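Before any comments, here is the structure.
Just so you know, these numbers come straight off a predicted model, no measurement behind them. All residue numbers refer to positions in the sequence shown, counting from 1.
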Amino acid sequence: MKQFVKYGVFLMVLVSFSCSKDGDGSDDIDLYTGQWMGNVAGDDGGTLSFFIYENGSVTGDFFTNGTQTPISTSGNVNTTGSLSITFSTNEIKGSLSGKLTETSGNGTWTITSNQTEGTWTATKK
């Protein structure tokens, strides 16, 4: 009987550990979810704001002094904090990439249509 109880307890512990995380990496993306705001520098200056959702998708706005209009952005972040964003209008096409930590991020941006580029920094709000 004691062996049966020990085996039962062992089985319950094993099941609870195997079910404690779903393995899809969503817990890691939770580190980055929320509102982010920052600045862009380089060939042109401006601002950047984006929101990271629980599934890793990203939406936001990219604004440079040269464009004078916020450009809608979309992209994604993975479980290691690698960020990839694209943005475009009829005249402007560009991208932004970089690395996030739990509270800050940085990387590079490029507008291919007018060949401007630079760096960006952001903090989680």
Side-chain angles (χ1 to χ4, degrees):
M1 181 69 170
K2 286 183 180 181
Q3 288 293 80
F4 181 72
V5 171
K6 286 181 185 177
Y7 180 71
V9 170
F10 172 76
L11 206 59
M12 287 181 1
V13 169
L14 183 64
V15 168
S16 69
F17 278 119
S18 66
C19 294
S20 65
K21 187 168 180 178
D22 58 10
D24 67 358
S26 63
D27 290 341
D28 296 331
I29 290 178
D30 287 345
L31 297 174
Y32 315 114
T33 58
Q35 183 68 46
W36 293 73
M37 299 184 81
N39 296 302
V40 297
D43 292 338
D44 200 351
T47 59
L48 169 70
S49 68
F50 54 92
F51 191 89
I52 299 177
Y53 297 89
E54 291 176 354
N55 66 358
S57 65
V58 179
T59 60
D61 291 310
F62 182 83
F63 178 89
T64 67
N65 297 327
T67 61
Q68 290 296 308
T69 304
I71 304 169
S72 294
T73 64
S74 64
N76 60 59
V77 64
N78 68 18
T79 58
T80 64
S82 292
L83 179 69
S84 176
I85 291 177
T86 58
F87 50 90
S88 66
T89 67
N90 290 338
E91 299 85 27
I92 298 169
K93 296 190 183 337
S95 63
L96 179 146
S97 63
K99 182 77 171 166
L100 302 177
T101 67
E102 290 181 50
T103 59
S104 65
N106 62 70
T108 59
W109 62 271
T110 303
I111 298 178
T112 54
S113 54
N114 65 6
Q115 299 180 352
T116 55
E117 61 185 21
T119 60
W120 63 269
T121 59
T123 56
K124 186 176 178 184
K125 299 301 175 187

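- Under the 4.5 Å side-chain heavy-atom criterion for grouping Ile, Leu, Val, Met, Phe, Trp and Tyr, Trp120 is connected to Ile92 within one hydrophobic cluster.
- The two residues Ile85 and Thr73 have their closest heavy-atom pair at CG2-CB, 3.4 Å.
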Verdict with supporting geometry, Leu83 and Leu96, side-chain contact (heavy atoms from CB on, under 4.5 Å):
CA-CA 8 Å; Leu83 179 69; Leu96 179 146; 3.9 Å; yes
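- Closest approach of Phe62 to Leu48, counting heavy atoms only: CD1-CD1, 4.0 Å.
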May I have the step-by-step check of side-chain contact (heavy atoms from CB on, under 4.5 Å) for Asp30 and Glu54, ending in yes or no?
CA-CA 6 Å; Asp30 287 345; Glu54 291 176 354; 4.2 Å; yes
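- Distance check, rounded to the nearest 0.5 Å: OG1 of Thr59 to CZ of Phe87 gives 15.0 Å.
- Of the possible donor and acceptor atoms, one in the side chain of Thr112 sits under 3.5 Å from a partner among the backbone N and O of Lys93.
- Atom CH2 of Trp109 sits about 6.0 Å away from atom OG1 of Thr64, to the nearest 0.5 Å.
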Kindly indicate, with the supporting measurements, whether the criterion side-chain contact (heavy atoms from CB on, under 4.5 Å) is fulfilled by Asn114 and Glu91.
CA-CA 9 Å; Asn114 65 6; Glu91 299 85 27; over 6 Å; no
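- Asn76 meets the side-chain contact (heavy atoms from CB on, under 4.5 Å) test with Ser84; sequence neighbours excluded.
- Looking at residues two or more places apart in sequence or on another chain, you find a side-chain contact (heavy atoms from CB on, under 4.5 Å) between Asn39 and Thr47.
- Expressed to the nearest 0.5 Å, how far CG of Asn90 lies from OG of Ser113 amounts to 11.0 Å.
- Taking every heavy atom of both residues into account, Ile52 and Trp36 meet most closely at CD1-NE1, 3.6 Å.
- Taken to the nearest 0.5 Å, the OG atom of Ser104 stands 11.0 Å off from the NZ atom of Lys124.
- How far CD1 of Ile111 is from OG1 of Thr89: 9.0 Å, rounded to the nearest 0.5 Å.
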Before giving the answer on side-chain contact (heavy atoms from CB on, under 4.5 Å), spell out for Thr86 and Ser74 the whole-Å C-alpha distance, their side-chain angles and the decisive distance to 0.1 Å.
CA-CA 6 Å; Thr86 58; Ser74 64; 4.1 Å; yes
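- Hydrophobic cluster membership is shared by Leu31 and Leu100, with clusters built from Ile, Leu, Val, Met, Phe, Trp and Tyr side chains linked at under 4.5 angstrom.
- How far CZ of Phe50 is from CG of Asp61: 12.0 Å, rounded to the nearest 0.5 Å.
- Partners of Ser97 according to the side-chain contact (heavy atoms from CB on, under 4.5 Å) rule, which considers only residues two or more places apart in sequence or in another chain, are Thr108.
- Heavy atoms of other residues, nucleotides or ligands lying less than 6.0 angstrom from CD of Gln115 number 12 at most.
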